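Chain identifiers are assigned alphabetically (A, B, ...) following the order of the sequence lines, protein sequences preceding nucleic acid strands; residue numbering begins at 1 within each chain. Note that the structure is predicted; figures quoted are calculated from it, not measured.
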Amino acid sequence: MFKIIKNKKVGPNIFHLVLNYAQLPESPEPGQFFNIKVSHRGSDDPLLRRPFSIFDFNAADKEIEFVYKVVGKGTKILSEFETGTELDILGPLGNPFSLNENGEDIHLIGGGMGIAPLFYLAKKLKKRNKKINIYIGAANKAELNFFENKFNELKANLYLASMEEKLTIKGTALDLWLDKLQHNPDFIYSCGPEKMLTAVEKKALKKNIVGEISIEKRMGCGIGVCLSCSCETTDKNQKNKRACVEGPVFEIGEVVLGG
Amino acid sequence: MFKIIKNKKVGPNIFHLVLNYAQLPESPEPGQFFNIKVSHRGSDDPLLRRPFSIFDFNAADKEIEFVYKVVGKGTKILSEFETGTELDILGPLGNPFSLNENGEDIHLIGGGMGIAPLFYLAKKLKKRNKKINIYIGAANKAELNFFENKFNELKANLYLASMEEKLTIKGTALDLWLDKLQHNPDFIYSCGPEKMLTAVEKKALKKNIVGEISIEKRMGCGIGVCLSCSCETTDKNQKNKRACVEGPVFEIGEVVLGG
Amino acid sequence: MANNKITITKINLEKKDLNLRMTMKSKNNEDLKLKNPLVTASGTCGNGKELANFFDINQLGAFTTKGITVKAQNGNETPRIAETSAGIINSIGLENPGVDNFISDILPETKTYTLPILANISGYSQQDFIILAEKLEGRSELAGIEVNLSCPNIKGGGMIFGTDPEKVYEITKKVREIYSGYIIVKLTPNITDITETALAAEEAGADSVAMINTLSAMKIDIDQQKPMLANTYGGLSGPAVRPVAVKMVYQCYKKLNIPILGLGGVRSGSDVIEFILAGATAVGIGTINMIDPKAGLRIIAEIKEYMLRHQIKDLNSIIGAAH
Amino acid sequence: MANNKITITKINLEKKDLNLRMTMKSKNNEDLKLKNPLVTASGTCGNGKELANFFDINQLGAFTTKGITVKAQNGNETPRIAETSAGIINSIGLENPGVDNFISDILPETKTYTLPILANISGYSQQDFIILAEKLEGRSELAGIEVNLSCPNIKGGGMIFGTDPEKVYEITKKVREIYSGYIIVKLTPNITDITETALAAEEAGADSVAMINTLSAMKIDIDQQKPMLANTYGGLSGPAVRPVAVKMVYQCYKKLNIPILGLGGVRSGSDVIEFILAGATAVGIGTINMIDPKAGLRIIAEIKEYMLRHQIKDLNSIIGAAH
Ligand SMILES: Cc1cc2nc3c(=O)[nH]c(=O)nc-3n(C[C@H](O)[C@H](O)[C@H](O)COP(=O)(O)OP(=O)(O)OC[C@H]3O[C@@H](n4cnc5c(N)ncnc54)[C@H](O)[C@@H]3O)c2cc1C
Ligand SMILES: Cc1cc2nc3c(=O)[nH]c(=O)nc-3n(C[C@H](O)[C@H](O)[C@H](O)COP(=O)(O)OP(=O)(O)OC[C@H]3O[C@@H](n4cnc5c(N)ncnc54)[C@H](O)[C@@H]3O)c2cc1C
Ligand SMILES: Cc1cc2nc3c(=O)[nH]c(=O)nc-3n(C[C@H](O)[C@H](O)[C@H](O)COP(=O)(O)O)c2cc1C
Ligand SMILES: Cc1cc2nc3c(=O)[nH]c(=O)nc-3n(C[C@H](O)[C@H](O)[C@H](O)COP(=O)(O)O)c2cc1C
Ligand code: FES
Ligand code: FES
């Protein structure tokens with residue numbers, strides 16, 4: 001069982017959820033996700049679990065952290081749970097970001113709630129003494145505040161974009177990255193709306209930049225049994241891959257993006 | 001909205017629920033019930049409300065009290081609500097016990113959770129200085145403790161029966177009443193399992209005792225729109241009556257009991 | 001297509017500008033005009049006065065009475081209701097005082113209401129429907145009748161008609177010949193292809209079709225090891241069935257030229273919008289009234305919120321917009 | 001009747017005395033023997049190894065593979081899943097590698113399991129089913145096949161067969177002539193009278209029937225004003241449909257002489273008991289595995305608790321006991 005230590009509003013409809021666990025089947029890696037039952041105990045409503053990326057993980061304190069936005073029924077219920085509530089969560093699930101031998105100069109590009117999985121990733125990369133630049137964007141400054149503070153704790157090079165105010169620039173995370181892009185990094189990681197990922201990928205492929213993206217597909221099970229999350233890929237041997245098992249992290253160019 | 005002031009275990013699977021209200025459409029009478037939504041806020045599971053008789057009512061403190069037993073999903077969820085939770089409850093509903101001109105010597109016979117509505121009734125009768133004898137029975141002493149203490153506060157003549165231990169007697173509320181029955185009371189009120197009501201009624205009709213019973217029918221709406229709770233009656237003008245509107249209180253002999 | 005509509009109509013509407021009025025067209029006589037799309041579903045709202053204890057029901061689009069038959073009926077044994085996941089199963093069995101008492105006792109009461117009243121009628125034979133249509137013809141209290149060819153609760157009765165397109169055609173035709181008011185034919189979802197019965201009703205002269213009635217279903221009491229309902233089988237309604245109902249409305253909208261009254265599992269304004277987008281002109285509210293007697297009022301407010309959020313001035317503009 | 005059984009068997013059973021073994025009889029060849037009534041529902045449990053990450057699936061009664069077709073299929077566009085009240089709608093569209101790859105890649109993997117494996121097959125024509133039966137005939141890895149005549153997701157395909165008793169008879173008969181292992185025919189609930197197709201399958205030589213597949217359904221995204229699923233329609237499963245499934249099993253139990261695999265909306269041991277009381281010999285678990293991968297284990301424990309509570313030594317003794 002996972003007990004809520006914190007479930008606090010940290011932005012407009014954005015919540016920071018910290019859970020304490022007794023044990024985990026394995027240590028979660030950046031890019032993996034947990035599938036959380038958001039219904040009240042004894043209730044089947046809503047029926048399906050909801051997937052959330054790992055925002056941070058702390059083995060010493062046995063804590064897993066998430067950052068989520070209230071967008072519908074499930075996240076609304078989740079946001080109302082109080083400290084001490086026990087949650088039924090399943091994971092870690094999915095294919096993580098690869099961390100080895102990706103060079104030294106690394107860019108992280110995140111849009112909207114796609115920023116969430118990049119924090120734990122950045123932390124791990126920092127530990128390996130990589131040189132990282134982080135480009136994040138959201139609708140407005142308020143949606144970025146929490147992330148900004150957290151990334152600043154890491155002392156990373158952080159750039160911010162918002163649609164409503166001029167921060168580093170005014171615009172999207174993509175605009176921001178392109179604006180700052182002077183030479184090719186060794187590797188990029190990106191997560192965000194499919195539209196943004198499509199554009200990032202296009203640019204990267206054109207410039208021969210290698211990297212990984214994490215995609216959000218509507219999921220049924222999160223464990224690979226239902227094929228709700230199939231993605232068309234360029235892999236000749238396996239045309240369809242499951243976002244929940246072979247993903248959510250894919251190599252740039254691997255998935256045929258729709259957005 | 002109705003706020004939970006107390007939701008405390010007072011016997012084996014038996015809970016005492018006290019609610020504070022801001023306003024009520026009308027003042028509840030003994031024998032009436034409220035239809036309580038037992039699902040968590042934002043959830044439709046379970047779908048239907050659950051009917052509970054008024055155990056006590058206190059206009060000065062704006063409090064309504066219920067005593068309920070956990071028997072299934074809905075009552076289980078209800079029992080887990082904490083103090084401060086707001087409940088969606090509908091009522092008062094149904095046809096109350098008649099209080100006027102029923103004579104001076106009155107018997108109350110209650111079995112199991114059928115005891116619950118008799119307390120508020122007894123309190124009102126006491127206020128009118130009626131002479132009341134109360135006969136209550138349940139599976140065991142533990143199920144009666146709470147009721148015993150409450151009725152003792154009223155300083156009524158209380159007799160207890162349990163199936164497992166000898167109290168006033170060992171047996172049912174019916175056995176108890178028959179055991180103590182020396183002369184006809186002016187009026188009886190009874191509530192409990194249909195089997196018990198059937199026997200009480202048979203005895204009463206035979207001995208020409210008048211009175212009222214409150215019956216528990218499986219309900220859909222509680223407000224008279226669905227006809228789930230129809231009871232066959234001896235009334236020539238209206239063969240079927242609704243337990244939720246024309247009942248749950250009926251005159252002895254009015255309803256064709258099945259048990 | 002639908003998306004375009006949303007962007008084009010950015011005109012900063014206010015609540016007072018919103019048009020929720022819906023017209024159930026008739027190819028035969030007068031249209032049925034509704035203040036808003038909400039129509040009470042037969043059997044879940046009594047005969048008016050029970051709900052009127054909670055709010056002014058004249059604020060709804062139309063009121064449908066509990067189903068009536070030629071003779072008075074006591075209905076099935078109890079228990080008549082069981083709860084399931086997001087649904088209920090009922091086997092009321094058409095308890096009603098019979099058409100004569102309906103006319104003498106219930107119809108006069110409805111005169112105090114200003115909204116259109118629809119009488120829901122059920123029969124065990126074609127002859128029954130003819131008698132009912134004859135007795136109700138010319139009753140000025142009524143705006144129309146809803147011909148229930150779909151009640152799954154009466155043995156050898158309603159359900160049989162409702163699953164056979166030819167019978168649907170015949171009965172509708174007979175009723176049409178007799179009854180001059182608005183005729184809605186209510187269809188059963190317990191069928192392989194509901195478009196066939198819907199088309200049969202249309203061809204025979206129904207002014208509109210209502211779908212769905214309840215899905216045939218049952219629940220077993222595992223402790224007693226016997227069916228929960230005295231009648232064994234019953235009809236499933238409530239949120240659980242909405243995806244089936246929406247699909248049937250969507251499917252029929254493409255094929256029919258008469259309006260559809262969509263219902264099944266509506267709880268909220270969003271659910272009403274879902275039915276309208278699928279192709280319904282009017283939307284029934286049933287089970288939800290049993291849980292929340294003032295649901296109709298809440299739902300109207302929720303529809304208005306949706307219209308404001310999406311800057312939809314006229315609810316008619318989104319009928320079938322999901323196609 | 002059922003009540004008597006409960007009182008008679010008061011013999012103070014312990015867990016180790018309980019018999020959960022169920023035998024799916026065959027009139028043709030060997031019976032299908034199950035350690036317990038739980039059978040994974042096709043398409044909701046992958047092909048074994050995904051669930052095996054969570055527990056030893058050999059503890060279940062049988063495993064049914066994801067539906068396969070003659071040729072490889074990519075399935076429908078995404079989104080392929082939507083959530084409804086107590087249910088989900090899916091339109092996976094039979095994504096699968098085709099029967100040849102199934103035989104070369106998937107079947108060998110199942111050799112590591114000791115429980116019976118059933119291959120679920122789907123076709124677009126009678127010829128497809130013949131090819132599939134031929135290719136699977138004699139495969140020792142399989143205990144049998146489940147002939148899916150009910151998938152609502154392929155256009156002009158599965159569904160058509162499943163709603164026509166004659167087609168059900170023909171296809172079953174052909175498959176029976178070719179395939180010598182255990183044959184289960186899986187039926188659609190999107191039909192006026194499921195006993196007709198069930199009887200047709202029995203007459204044609206099916207060893208048993210499985211019911212129900214999903215109910216045809218849809219959901220609309222009211223903000224986008226378009227269907228939630230890329231494929232528009234999909235199949236409803238999960239707790240919402242259980243009352244419909246239980247009713248169909250109950251109804252068929254009275255008429256059939258072959259065993260029934262009941263499924264639709266099982267979440268718990270109580271739900272399995274409900275199907276068995278209605279007349280099922282085996283019970284499928286589908287959607288629940290997607291929510292709770294270890295559901296099978298939990299459900300077995302819950303069935304045992306029920307048996308102890310009611311002092312039922314042999315689960316077989318309550319098959320159909322609610323009749
Ligand atoms: C691998 C993965 C990781 C994710 N990580 C995060 C995260 O760290 N923080 C965060 O805020 N969100 C994350 N999401 C999205 C999150 O799962 C959805 O926002 C959530 O499930 C919505 O639930 P709901 O009940 O509130 O919304 P619903 O009422 O179910 O739907 C509301 C809206 O959310 C969208 N949605 C619903 N389910 C999903 C889903 N499974 N995937 C994507 N969109 C969905 C729908 O399109 C709809 O528009 C992630 C999704 C995936 C697949
Ligand atoms: C007018 C009225 C007044 C009542 N007053 C009280 C009271 O004061 N205290 C109390 O403990 N109980 C009372 N009950 C019974 C109470 O409503 C049920 O115990 C409760 O609804 C069960 O809900 P559940 O979800 O826990 O059980 P479920 O899981 O729904 O069912 C469990 C068991 O409860 C029985 N049950 C379910 N619904 C009803 C119902 N509407 N009426 C009768 N039995 C039902 C079922 O037969 C079943 O065996 C009253 C019932 C009525 C009709
Ligand atoms: C208790 C109850 C009684 C019903 N009685 C009738 C009836 O008399 N005539 C009829 O045509 N439909 C009847 N119905 C069906 C409803 O009118 C409606 O078609 C169905 O319940 C689906 O809508 P809902 O999910 O909103 O309840 C009844 C339904 C319920 C729940
Ligand atoms: C995601 C998903 C995929 C399915 N795929 C198949 C399939 O390939 N073949 C088949 O016969 N049934 C398929 N089904 C139907 C299930 O096997 C089962 O009949 C149905 O879901 C009802 O059971 P449930 O409510 O327990 O899920 C699928 C169901 C789901 C939810
Ligand atoms: S979500 Fe079920 S396979 Fe990926
Ligand atoms: S419970 Fe609906 S009429 Fe009484």
Using modelled atom types only, decide if a donor and an acceptor are shared between the side chain of [X] and the backbone of [Y] within a distance under 3.5 Å.
| X | Y | result |
| --- | --- | --- |
| C:Tyr250 | D:Thr232 | no |
| D:Glu274 | C:Ile220 | yes |
| C:Thr192 | D:Thr163 | no |

Checklist entry - Which one of D:Ser270, D:Ala86, D:Pro243 has the most heavy-atom pairs closer than 4.5 Å to chain C? => result D:Pro243

Any idea which heavy atoms bring [X] and [Y] closest together, and the distance?
| X | Y | answer |
| --- | --- | --- |
| C:Ala240 | D:Leu236 | O-CD2, 3.9 Å |
| D:Asp223 | C:Tyr306 | OD1-CE1, 4.2 Å |
| D:Pro227 | C:Ala322 | CD-O, 3.4 Å |

Do [X] and [Y] have side chains that get closer than 4.5 Å, going by heavy atoms?
| X | Y | value |
| --- | --- | --- |
| C:Val244 | D:Met218 | no |
| D:Ser85 | C:Arg267 | yes |
| C:Val246 | D:Lys219 | no |

Checklist entry - Side chain, backbone, both or neither: which part of D:Ile191 has a heavy atom under 4.5 Å from chain C? => result both

Item to check | Portion of C:Leu277 that has a non-hydrogen atom of chain D nearer than 4.5 angstrom | outcome: both

Checklist entry - Between CD1 of C:Ile194 and CG of D:Asn190, what distance do you get to the nearest 0.5 Å? => result 12.0 Å

Next on the checklist: With a 6.0 Å cut-off (strictly less than), is the heavy-atom count around CD of D:Gln126, excluding the residue itself, greater than 12?
Outcome noted: yes

